[in-house]
Amino acid sequence: IDITGEARIYRNFIEGASPRGIGVGYPEKVNLCFDANTMQIAMLWHGAFIDGAKHWNGRGQGFQPPLGDHLVTLAGGVPFATLATTTTAWPTGAARKLGYRFTGYRIDKQRRPVFRYRFGAIEVEDHPRPVKTDKDATLVRTLTLQRSTPGPAKDKAPAALWYRAAAAPTIEMQKNGTFVIDKILNVSIQQVGGQKPVLRKRGNQAELLVPVHWDGDKAVIVHRYAW
């Protein structure tokens, strides 16, 4: 599939994701696969999108691998969790068992998908957008959270909701405040009024955790990927 003009969405079995993977190819020659089982971006890659021939011929069986290059596989697991302390283990159960529900996606004015899901009283919109650079395009992912129940009273400590921005064998903080994941992927986090991300080590894995900052009943996290 050659992507020109507007983004293309490929909803079929994609190698490297669950059977609920949703591929998106952008004209900027950056691509992703969103996994509706985990509510996470499972893969990123540059260049060509995908060859859907396997699913258009015969019985269309099997998983189709991404085309292109610079393929990066991201960690699975749910994106948000309430942790008692900064040393509390990240939940490892399936998203659905942890209360997550995928609610589909809408299309923005540029015909790009905005993925939607909910957990508990919180609705999330995950809006990935490519950004052209002098080199390969980067991807900016805006996560908007809206809670339908009021926050706790002022005399009560709010539950600490965290966003796991990365999990990998190595995560290194750079002088400019960005983070390099497994020496391949550079990520940065922006959150107006929010605290700095927490980089922690648990066993053989490093995790980059972002405390969610609420402005009333809304929170916005901007997560940028460059690779």
Side-chain angles (χ1 to χ4, degrees), residues 1 7-26 30-45 49-52 54-55 59-68 71-83 88-108 112-129 139-147 161-169 181-182 185 187 202 205-210 212 219 221 223 225 227:
I1 300 175
R8 299 290 182 89
I9 298 174
Y10 185 80
R11 299 197 64 171
N12 217 318
F13 296 150
I14 301 174
E15 189 175 294
S18 80
R20 298 185 72 194
I22 303 171
V24 185
Y26 299 91
V30 63
N31 315 282
L32 64 84
C33 177
F34 183 90
D35 196 327
N37 266 353
T38 62
M39 319 301 157
Q40 288 276 34
I41 293 177
M43 293 178 288
L44 299 167
W45 68 99
F49 179 36
I50 202 164
D51 179 4
K54 179 181 290 187
H55 298 139
R59 299 179 65 184
Q61 295 178 330
F63 284 73
Q64 192 70 45
L67 293 178
L71 176 66
V72 174
T73 300
L74 304 181
V78 293
F80 295 95
T82 299
L83 304 181
T88 301
W90 197 259
T92 57
R96 192 167 185 83
K97 290 185 177 180
L98 293 172
Y100 279 77
R101 296 294 183 270
F102 182 63
T103 55
Y105 57 83
R106 63 178 178 85
I107 302 296
D108 70 8
R112 299 173 300 201
V114 181
F115 301 103
R116 310 174 78 174
Y117 58 89
R118 60 182 170 84
F119 61 99
I122 298 174
E123 301 275 349
V124 181
E125 284 202 340
D126 187 340
H127 192 180
R129 286 170 289 187
L139 191 81
V140 175
R141 180 184 188 185
T142 302
L143 296 128
T144 303
L145 289 73
Q146 185 73 46
R147 55 187 178 189
L161 182 67
W162 295 79
Y163 167 60
R164 190 168 73 165
I181 316 301
D182 284 345
L185 182 67
V187 304
R202 290 188 62 84
Q205 179 168 263
E207 293 178 318
L208 182 61
L209 305 183
V210 182
V212 175
I221 300 171
H223 187 167
Y225 302 88
W227 70 106

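In what follows, residues are counted from 1 in the order of the sequence shown.
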Within a strict 4.5 Å, meaning less than it, do heavy atoms of the Asp126 and Met39 side chains meet? no
If you define the side chain from C-beta out and look only at heavy atoms, does anything of Cys33 sit under 4.5 Å from Ile22? no
Calculate, to the nearest 0.5 Å, the distance between atoms CG and CG belonging to Leu44 and Leu185 respectively. 6.5 Å
So do the side chains of Phe80 and Leu145 get within less than 4.5 Å of each other, counting heavy atoms only? yes
Identify the two heavy atoms, one from Glu125 and one from Arg116, that lie closest to each other, and give their separation to 0.1 Å. OE2-NE, 3.2 Å
Between OH of Tyr26 and CG of Asn31, what distance do you get to the nearest 0.5 Å? 9.0 Å
Heavy-atom distance under 4.5 Å between the side chains of Trp227 and Val30, does that happen here? yes
Closest approach of Arg202 and Thr88, non-hydrogen atoms and distance? NH1-C, 4.3 Å
Would you say that His223 contacts Val210 through its side chain, given a criterion of any heavy-atom pair below 4.5 Å between the two side chains? no
Against Phe119, only a single residue in Thr82, Leu98, Val124, Val78 fulfils side chain to side chain contact (heavy atoms under 4.5 Å, CB included); can you say which? Val124
Apply side chain to side chain contact (heavy atoms under 4.5 Å, CB included) to residues Leu161 and Ile122 and explain how you reach the verdict. CA-CA 11 Å; Leu161 182 67; Ile122 298 174; 3.8 Å; yes
Closest heavy-atom pair, Ala7 versus Arg112, reported as atoms and distance to 0.1 Å, is CB-CG, 4.2 Å
Treating Arg129 as the side-chain partner and Arg141 as the backbone partner, does any N or O pair qualify as donor plus acceptor under 3.5 Å? no
Heavy atoms of Trp90 and Pro79 approach each other most closely as CZ2-O, 3.5 Å
Of the non-hydrogen atoms in Gly68 and Trp45, which two are nearest, and what is the gap between them? CA-CD1, 4.2 Å
Min side-chain heavy-atom separation Val114-Tyr105 under 4.5 Å: no
Could you tell me which non-hydrogen atom of Asn37 sits nearest to which non-hydrogen atom of Arg20, and how far apart they are? OD1-CD, 2.8 Å
Output yes when a side-chain donor or acceptor of Arg164 lies under 3.5 Å from a complementary backbone atom of Gly76, and no otherwise. yes
Is the shortest side-chain heavy-atom distance between Phe115 and Pro128 below 4.5 Å? yes
Can a donor-acceptor pair be found, under 3.5 Å and without considering hydrogens, that links the side chain of Asp35 to the backbone of Gln40? no
Reference residue Leu32; test side chain to side chain contact (heavy atoms under 4.5 Å, CB included); the match among Val24, Leu74, Val72: Val24
Step-by-step side chain to side chain contact (heavy atoms under 4.5 Å, CB included) determination, Thr103 to Arg118: CA-CA 7 Å; Thr103 55; Arg118 60 182 170 84; 4.1 Å; yes
